[in-house]
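Down below is the structure, laid out as structure tokens.
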Amino acid sequence: MSSEEFELIVIGGGPAGHKAAIQGAKAGKRVLLVDLQQAVGGECVHRGTIPSKTLRETALGLWGTSRLAPKLFESGITGGVKVESLMRNLDAVRDAHADFMSEQLSRNGIERWRGRARFSGEHEVTVRGPDRGERTATGERILIATGSRPRLPDNIPVDHEHILDSDSILSLIYLPSSLTVVGSGVIACEFATIFAALGVDVTIVDKYERPLAFMDPELIDCFLKSFESMGGTFLPNRTIEKVEWDGLTAVVTSLDTGEVIRSEKMFVAQGRIACVGDLNLEVAGVEVSNRGTVVVDEFCQSSAPHIYAAGDAIGPPALAAASMEQGRRAALHAFGLPVPEEAGTLPVGIYTIPEMASVGITEEQAIAEHGSAVVGRSKFEELARGQICGDTEGMLKLVADPSGTQLLGAHIVGQGATELIHIAQMAIQAKTSIDVFVDSIFNFPTMAEGFRVAAIKIVQARPAELRKVG
Amino acid sequence: MSLNFDALLAGPVGLTIQAHTQSNDLDLPVLSGSVTEILALCNGAECDARELGKKLERDQSLAGHVLHVSNSAAYAPNEPIVSLSQATARLGFSTICEIAIAVSVKGKVFDVPGFDSTLSALWTHAAVSGFYAKEVARTLRKNVEGAFLCGLLHGVGKPVALQLLVDAWSEADVDEHLDDEIAEAMMNQFGGTFGGVLLGKWDFAPWIQAAVEFCHDADSAGPFREQAMMTGLASHLASWALGNSDETAESLSEMKIVADLEIYEKDFESLLAIKDSVLETARAFQ
């Protein structure tokens with residue numbers, strides 16, 4: 001079989017692969033992009049981020065309206081509502097995004113092959129299509145961006161009908177009346193709150209004490225309070241002993257505490273595993289960690305110098321935004337082009353209801369690193385916009401250095417958190433003084449005013465010799 | 001076949017058929033009142049088990065079938081289901097709905113005198129397609145719940161087409177015997193279209209109508225192309241599993257529809273490997 005030659009072969013067309021391919025093409029290289037699917041975008045566009053956020057937008061709208069105009073929604077959303085009807089514009093959103101990405105690939109002259117790729121030599125990749133046809137390509141440089149898939153625990157029989165994972169949860173036809181969520185990470189909490197906001201009786205079960213343990217504890221307090229106000233239940237410190245579909249009407253979950261939960265459906269979200277098992281990486285001499293991810297350095301270069309990896313294939317943070325940047329940096333480094341300094345801050349956005357966002361370090365980390373920290377908070381109930389929106393549980397927290405002048409971190413829960421966080425990100429990256437927030441004029445009424453409120457509190461809490469109230 | 005089907009369509013039988021199809025004057029079977037009520041109840045917001053039980057009780061034939069199917073291997077009850085309320089409470093609304101539709105469709109549609117064995121085979125194929133459609137959907141992480149009905153009903157237009165042919169044959173007073181080959185050609189030609197029309201009349205969701213109507217012509221199914229392809233593949237798998245076609249595992253795996261659905265080798269082999277369990281489960285509906 002003859003082999004076609006490329007300067008860059010990208011395996012996987014999700015956020016990391018897509019950006020790497022474009023970067024390679026912009027550098028004037030001949031690029032091949034291999035993906036399992038004809039449609040571009042990977043799981044992010046077709047099963048993950050885009051579809052779940054589309055459903056969330058509906059849930060958020062209904063939930064917000066029901067809080068502002070409770071009389072209009074006295075009966076709430078009843079069980080049996082078609083999930084599809086709650087995400088009517090999904091196809092349009094998804095197609096628009098995929099078309100845009102596809103058009104970018106075409107415009108940059110990137111060749112695309114559909115199929116499952118595996119290394120058949122150090123520089124050679126064999127691609128077997130769904131039509132069982134095989135083609136071989138040789139690449140000067142190769143980037144692995146094959147993404148991840150849901151991790152399925154051995155003791156839970158996921159059948160994608162009654163017991164679902166993040167690949168199948170949105171294929172539900174009807175909104176269930178009750179849902180048990182296994183896990184309390186990002187995906188688990190996002191879906192738990194989306195379904196709770198839609199009126200589903202949701203129970204989160206996890207072995208940990210608190211959900212989303214990497215987030216600021218104060219945000220999690222607000223999150224839990226809000227989740228419980230929607231009728232949700234969080235059961236911490238529980239181990240699942242047995243899960244079974246009773247064959248008729250319910251998923252029965254037995255816990256180590258003796259508790260038994262019966263729910264119409266179950267959603268299992270216990271992390272994801274990198275899709276690198278079928279790549280035949282041994283042939284290429286690529287090292288894989290004991291967690292099943294490709295081991296890379298700061299430039300996403302693997303143990304085989306001509307092979308790079310990016311996105312979920314290399315493990316955390318496994319965020320679409322970070323994956324795109326990894327792909328871009330990997331392509332630049334692969335061809336000896338200048339690689340910009342790594343962004344000092346990586347914002348985290350969690351699309352729960354209410355949403356949460358974080359950038360920089362937490363109060364605990366600041367104390368550990370600097371000996372102490374000055375913290376300022378703004379509760380959304382103190383803001384006119386918070387009252388108008390009915391978001392009285394939200395909160396913005398700024399963490400400053402011990403002198404109270406340098407912003408080290410920001411943590412927000414509530415409406416607009418994932419957008420607001422970028423203000424803090426810019427301030428941290430530009431090493432802006434806290435006083436800039438105090439001296440700036442923010443639109444009224446906005447949630448962004450929270451930055452000024454929190455900053456004033458930091459200034460007031462400064463050591464006396466540094467205090468200057470704006 | 002003594003008569004060529006194309007020639008037949010050009011003759012008096014064909015004219016009668018055309019007249020009926022063009023004027024939409026089809027003798028479409030009506031779902032029994034109780035099934036319609038059950039469908040409405042299950043699709044409604046206020047679905048109540050007692051109400052569902054009452055509606056089942058009013059249709060003794062349907063009630064008997066529900067109990068029969070409830071106790072079959074497909075639903076593997078831990079203990080025998082002896083009453084309708086027990087069946088309703090334990091099987092859940094959607095399953096009761098599926099059973100009610102299956103039982104009603106079998107009795108109302110798959111009944112053309114003189115073609116018992118043809119329709120019996122069609123019904124078996126429908127049931128196997130239903131369960132295979134679930135497995136195809138499961139493989140693709142799509143809509144497992146809805147796939148069953150698409151598979152089960154994908155051939156529902158064929159008996160309608162056959163009935164029309166029988167009526168037209170009789171009306172045209174054709175001397176020759178209406179043989180199986182002509183019957184099959186008629187069902188293949190009009191089955192999909194009539195299936196879509198029938199399900200439209202029965203108020204099934206548009207995506208189910210499209211999946212049924214275009215299961216062998218998915219490119220015409222518009223936004224429901226994927227459901228149509230899944231249903232089409234389930235139909236092919238059912239034919240293969242039942243030995244009704246010349247398809248082999250290899251030829252099936254090379255079908256364009258498999259590539260279009262992006263079902264890769266390992267997953268497809270898994271679908272082939274569950275043949276026996278699918279056939280066993282489908283027996284519940286026979």
Side-chain angles (χ1 to χ4, degrees), chain A residues 35-39 43 46-47 51 75-85 88 90-92 95 114-117 128-134 149-150 158-177 199 244-250 264-265 277-278, chain B residues 41-47 49 70 73-79 81 86-97 134-135 137-149 205-208 222-224 226-227 250 253-268:
Chain A
D35 196 82
L36 286 168
Q37 298 179 314
Q38 187 67 41
E43 297 292 290
H46 300 283
R47 283 197 173 121
S75 57
I77 299 172
T78 52
V81 168
K82 286 183 180 163
V83 173
E84 182 204 10
S85 69
R88 280 269 182 237
L90 174 60
D91 286 344
D95 290 351
R114 180 173 62 151
R116 191 182 291 285
R128 189 166 168 82
D131 59 357
R132 306 339 181 212
E134 278 195 358
R149 64 175 183 276
V158 174
D159 61 7
H160 306 291
E161 186 175 2
H162 314 289
I163 304 170
L164 304 116
D165 64 14
S166 54
D167 277 356
S168 50
I169 184 75
L170 292 178
S171 71
L172 282 173
I173 299 182
Y174 296 103
L175 209 55
S177 58
E244 60 181 347
W245 163 245
D246 72 359
L248 299 167
T249 57
E264 192 178 333
K265 302 281 179 188
D278 293 332
Chain B
L41 189 64
C42 291
N43 284 325
E46 311 271 322
C47 202
S70 307
Y75 298 100
N78 295 327
E79 57 189 76
I81 292 175
Q86 190 189 5
T88 310
R90 294 191 59 191
L91 267 67
F93 299 123
S94 62
T95 306
I96 290 286
C97 235
K134 280 180 100 160
E135 298 309 322
R138 207 186 306 280
T139 300
L140 293 169
R141 312 288 188 261
K142 307 274 182 192
N143 216 331
V144 177
E145 292 172 297
F148 176 76
L149 278 184
W207 60 271
I208 299 183
F224 308 115
E226 193 171 46
Q227 285 96 334
E250 196 180 346
S253 74
E254 288 168 355
M255 287 175 65
K256 186 174 176 291
I257 197 171
V258 178
D260 286 350
L261 280 167
E262 293 173 329
I263 301 179
Y264 284 82
E265 233 161 344
K266 213 190 282 181
D267 287 337
F268 196 72

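Each chain gets a letter, A, B and so on, in the order the sequences are listed, and its residues count up from 1. These numbers come from the heavy atoms of this one structure, side chains and all, not from hydrogens, waters or symmetry mates.
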Open item on the list: Between Arg132(A) and Glu254(B), does any side-chain N to carboxylate O distance fall below 4.0 Å?
Closed with: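 Not counted as a salt bridge, because no side-chain N and carboxylate O are separated by less than 4.0 Å.
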- [ ] Report the option among Ile169(A), Asp167(A), Leu36(A) that has the most heavy-atom pairs separated by less than 4.5 Å from atoms of chain B.
- [x] Leu36(A)
Task: Pairs of heavy atoms under 4.5 Å with chain B: top-ranked of Leu164(A), Asp165(A), Asp159(A), Asp131(A) - done: Asp159(A)
Open item on the list: Tell me which of these, Asp267(B), Val144(B), Leu261(B), Val258(B), has more heavy-atom pairs under 4.5 Å with chain A than the rest.
Closed with: Val144(B)
TODO: Can you measure from CG (Asn143(B)) to CG (Leu172(A)) and round to the nearest 0.5 angstrom?
DONE: 8.5 Å
Task: NZ on Lys134(B) to CG on Leu149(B), rounded to 0.5 Å - done: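 Reported value, rounded in 0.5 Å steps: 9.5 Å.
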Task: Region of Glu264(A) that comes under 4.5 Å of a non-hydrogen atom in chain B - done: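 Neither part; nothing is under 4.5 Å.
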Open item on the list: For Glu161(A), is there any backbone N or O sitting under 3.5 Å from a side-chain donor or acceptor partner on Lys265(A)?
Closed with: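 Such a contact is found between Lys265(A) side chain and Glu161(A) backbone.
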